[in-house]
Amino acid sequence: MNETVRETAEKIRRLQVQGARNVAIAAINAYQTLAESSQAKTRRAFIAELCEARTLLFAARETEPLMRNAVRWIITQVEDSDERNPIELIHLVTKCSQNFQRSLAASKERIAEIGAKRIRDGSTIFTHCHSSTVTHMFAKAKEEGKTFEVVCTETRPAFQGRITAKEMLGLGVKTTFIVESATRSFMHDVDLVFVGADAITSEGNIVNKIGTAAIALLAREARKPFYAVTELLKFDPATLYGEYEKIEERSRDEVWKEAPAELTVRNPAFDVTPRDLIHGLICEEGIVSPQSVAEVMHRVYPWVFE
Ligand code: RUB
């Protein structure tokens with residue numbers, strides 16, 4: 001197995017690469033390196049290498065459809081081409097990787113433009129964990145001269161909220177940092193909730209960092225709009241055909257390193273927020289209702305269903 005692919009999978013597994021978008025970008029980069037260093041003499045051997053890498057990367061984190069869609073896109077382009085020369089197939093992988101990254105970057109920009117319009121001057125926004133898509137939107141709002149505050153959660157057990165808090169301070173945004181269990185005490189003081197997503201299901205539910213569903217419930221109770229800020233390609237087509245999105249369960253050591261052996265310690269990384277609690281999905285196509293997401297996907301990214 002290619003060393004870069006192995007290292008990338010390990011970094012993803014250990015959360016050294018974190019967040020759905022960064023995970024997908026790391027996997028795409030690994031594919032590019034894999035292709036460029038491939039010694040495959042035949043088309044068949046080259047495709048076998050790509051498929052072997054897919055198994056390793058998919059296993060690194062289970063709840064990452066953006067990575068899966070990106071990798072599938074690259075492999076399908078190679079499988080669908082008539083090219084037999086491995087050198088040409090390497091060029092094809094490079095081209096596909098670059099195109100995919102370009103389109104991801106364009107989506108991120110578009111989402112930021114759309115979402116920033118929902119941030120009113122003087123508002124306070126609640127967020128959870130660290131989503132590069134959400135923080136980019138905050139940066140955009142700031143760039144547009146908006147004044148707003150952020151309340152962010154620490155996000156146990158891996159503390160990704162600290163990344164958000166530091167980024168916000170870097171932007172010059174007044175930020176309040178709380179433990180997740182304090183959410184209800186702060187929900188009445190905020191205007192909106194923005195969270196990222198790792199997966200979108202065909203029914204319009206989102207899967208995001210553990211704790212998101214409870215935050216959505218509290219937002220509903222306080223009548224605060226709850227938005228998921230997400231690229232459409234986090235949609236998992238398998239959910240349309242009945243599969244449940246798998247929820248990654250991480251090591252008990254992340255929760256309590258030296259917990260008594262007989263104690264059951266559970267550490268699910270994500271939870272499912274039902275569509276009824278979601279005001280809208282802020283995505284590259286605009287603000288869409290979760291109920292319409294499968295149709296939007298069919299229109300914008302039909303290849304995902306092939
Ligand atoms: C990160 C997380 C983020 C989404 C979206 O969890 O839940 O909200 O991945 O992030 P983890 P982005 O730290 O376990 O990866 O908007 O950057 O894709």
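Along the sequence shown, the residues carry numbers beginning at 1. Order of appearance sets the numbers: ligands from 1, and atoms from 1 within every ligand.
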The reported gap from CZ in R14 to CZ in R250 (rounded to nearest 0.5 angstrom) is 10.5 Å
Hey, is H130 one of the residues with a heavy atom under 4.0 angstrom from ligand 1?
yes
Enumerate the atoms of ligand 1 whose separation from the nearest heavy atom of Q160 is less than 4.0 angstrom.
11 (P), 13 (O), 14 (O)
Any donor-acceptor N/O pair, S123 side chain to I119 backbone, under 3.5 Å
no
R266 and E249 ion-paired at < 4.0 Å:
yes
Does even one non-hydrogen atom of E248 get within less than 4.0 Å of ligand 1?
no
Among all protein non-hydrogen atoms, which one is nearest to atom 11 (P) of ligand 1, and what is the separation to 0.1 Å?
R61 NH1, 3.5 Å
Would you please name every residue forming a side-chain contact (heavy atoms from CB on, under 4.5 Å) with T239, sequence neighbours left out?
T201, S202, D236, E245
In terms of the angle between their ring planes, are F305 and H298 parallel, tilted or perpendicular, with boundaries placed at 30° and 60°?
parallel
Consider every N or O of V229 and every N or O of ligand 1, then say whether any pair is closer than 3.5 Å.
no
Please work out, at 4.0 Å between heavy atoms, whether the side chain, the backbone, both, or neither of E231 comes within that distance of ligand 1.
neither
I need the M67 CE to N22 CG distance, nearest 0.5 Å.
12.5 Å
Closest protein heavy atom to atom 14 (O) of ligand 1, given as residue, atom name and distance to 0.1 Å:
K209 NZ, 2.7 Å
Looking only at protein heavy atoms, identify the closest one to atom 5 (C) of ligand 1 and say how far it is in Å.
A197 O, 3.4 Å
Residue part near ligand 1, for C129, under 4.0 Å between non-hydrogen atoms
side chain
Report yes if H128 has an N/O atom closer than 3.5 Å to an N/O atom of ligand 1; otherwise report no.
no
min-distance protein heavy atom vs atom 8 (O) of ligand 1 -> N208 OD1, 2.7 Å
Between CZ of R54 and CG of L56, what distance do you get to the nearest 0.5 Å?
12.5 Å
Which bit of R21 is near ligand 1, meaning a heavy atom under 4.0 Å away: side chain, backbone, both or neither?
both
Closest to atom 9 (O) of ligand 1 (heavy atoms only, candidates T212, D198, T63) is D198
Contacting atoms of ligand 1, where contact means under 4.0 angstrom from a heavy atom of K234:
5 (C), 12 (P), 16 (O), 18 (O)
Using only heavy-atom distances, determine whether the side chains of S107 and E231 contain a donor-acceptor pair under 3.5 Å.
no
Working to the nearest 0.5 Å, report the span between CD of E149 and NZ of K174.
4.0 Å
If the cut-off is 4.0 Å to any non-hydrogen atom of A20, which atoms of ligand 1 fall inside it?
9 (O), 10 (O), 18 (O)
Picking from L277, T212, L218, what satisfies side chain to side chain contact (heavy atoms under 4.5 Å, CB included) with F226?
T212
When you compare the side chain of T55 with that of C51, does any pair of heavy atoms fall below 4.5 Å?
no
Starting from atom 16 (O) of ligand 1, find the nearest protein heavy-atom neighbour and note its residue, name and distance.
T133 OG1, 2.4 Å
Using a plain distance cutoff, I'd like to know if S132 has any nitrogen or oxygen under 3.5 Å from a nitrogen or oxygen of ligand 1.
yes
Give yes if a backbone or side-chain nitrogen or oxygen of E64 is under 3.5 Å from a nitrogen or oxygen of ligand 1, and no if not.
no
